[in-house]
Novice: 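What follows is a single structure, and I will ask about it in a moment.
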Amino acid sequence: MEIRKISRKVSFLTAVSWLYLALSLAMIGLAIYALTSESIRLTFGGVTDAVFAAILGAVGSFAAILGLIGRNLRRCRLLGLILLLISAVPLTINLLAAQPFSIYWKNVASLIVPFLYLIAALFTRSQKPDAVSQEAEVLPENHTDAVPQENLETKNDSTKTN
């Protein structure tokens with residue numbers, strides 16, 4: 001039975017990815033509810049928040065799945081930056097419209113999880129494959145496996161002719 005070590009940084013990215021997946025699915029559901037419910041009054045700010053919540057939820061769920069897989073950390077880092085920028089747009093719109101804090105507090109709160117995802121993706125180092133670490137081993141000087149077979153044949157032919 002093989003026991004695999006998981007570093008805390010990898011587990012932090014996994015935890016943030018699970019959190020983001022749950023929140024992004026909830027964001028999509030709430031955005032659809034906000035756009036389709038008859039009891040909700042559609043204002044410019046409400047529609048803008050709902051549309052950006054749906055976009056952020058879709059991109060966030062994709063990023064969370066990539067974070068759970070964890071193979072391509074460069075893509076995770078890029079998606080973390082994109083998520084942070086997307087979540088900053090409604091905040092910027094509300095700040096430019098001079099809305100009170102009671103209106104845009106949820107935009108400030110929506111910056112927390114993309115920021116955590118980006119930090120987790122930045123702190124997680126790419127795992128090196130086992131093949132690379134095996135090739136880096138030091139070989140003895142007269143180890144014949146390190147020299148390709150063609151080079152051995154040419155060396156043997158040159159020593160026979162001498």
Novice: Side chains of L73 and R77, heavy atoms from C-beta outward: is any pair under 4.5 Å?
Specialist: yes

Novice: Testing the basics here: between S87 and L56, what is the closest heavy-atom pair and its distance to 0.1 Å?
Specialist: CB-CD2, 3.7 Å

Novice: Looking only at heavy atoms, which two atoms of F115 and L84 are closest? And how far apart?
Specialist: N-CD1, 3.8 Å

Novice: If you look only at distance, which donor and acceptor atoms sit under 3.5 Å apart when one is on a side chain in residues 62-70 and the other is two or more places apart or in another chain?
Specialist:
none

Novice: Below 4.5 Å, heavy atoms only, C-beta onward: do I93 and N107 meet side chain to side chain?
Specialist: no

Novice: Taking the side chain as every heavy atom from C-beta outward, state whether L122 and L118 have any pair of such atoms under 4.5 Å apart.
Specialist: yes

Novice: Given the rule in the side chain to side chain contact (heavy atoms under 4.5 Å, CB included) test, do L79 and R75 qualify, once you have shown the distances and angles that lead to the verdict?
Specialist: CA-CA 6 Å; L79 281 172; R75 188 172 290 159; 4.3 Å; yes

Novice: Using every non-hydrogen atom in the two residues, find where L91 and V108 come nearest and quote the distance to one decimal.
Specialist: CD1-CG2, 3.7 Å

Novice: Give the C-alpha distance, both sets of side-chain angles, the deciding distance and a yes or no for side chain to side chain contact (heavy atoms under 4.5 Å, CB included) between V89 and T48.
Specialist: CA-CA 10 Å; V89 170; T48 304; over 6 Å; no

Novice: Kindly list each side-chain donor-acceptor pair under 3.5 angstrom involving residues 18-36, sequence neighbours excluded, with atom names and distances?
Specialist:
{"residue": "S24", "atom": "OG", "partner": "Y20", "partner atom": "O", "Å": "3.0"}
{"residue": "S24", "atom": "OG", "partner": "L21", "partner atom": "O", "Å": "3.0"}
{"residue": "S24", "atom": "OG", "partner": "S61", "partner atom": "N", "Å": "3.4"}
{"residue": "T36", "atom": "OG1", "partner": "I32", "partner atom": "O", "Å": "2.7"}

Novice: Looking at A88 and T92, what are the two nearest heavy atoms and their distance?
Specialist: O-OG1, 2.8 Å

Novice: Identify the two heavy atoms, one from L13 and one from A121, that lie closest to each other, and give their separation to 0.1 Å.
Specialist: CD1-N, 3.9 Å

Novice: P114 and side-chain contact (heavy atoms from CB on, under 4.5 Å): which partner among L83, I82, L81?
Specialist: L83

Novice: Taking all heavy atoms of Y117 and all of G80, pick out the closest pair and write down the distance.
Specialist: CD2-CA, 3.7 Å

Novice: Under 4.5 Å between side-chain heavy atoms, hopping through other hydrophobics if needed: is there a path connecting L111 to F101?
Specialist: yes

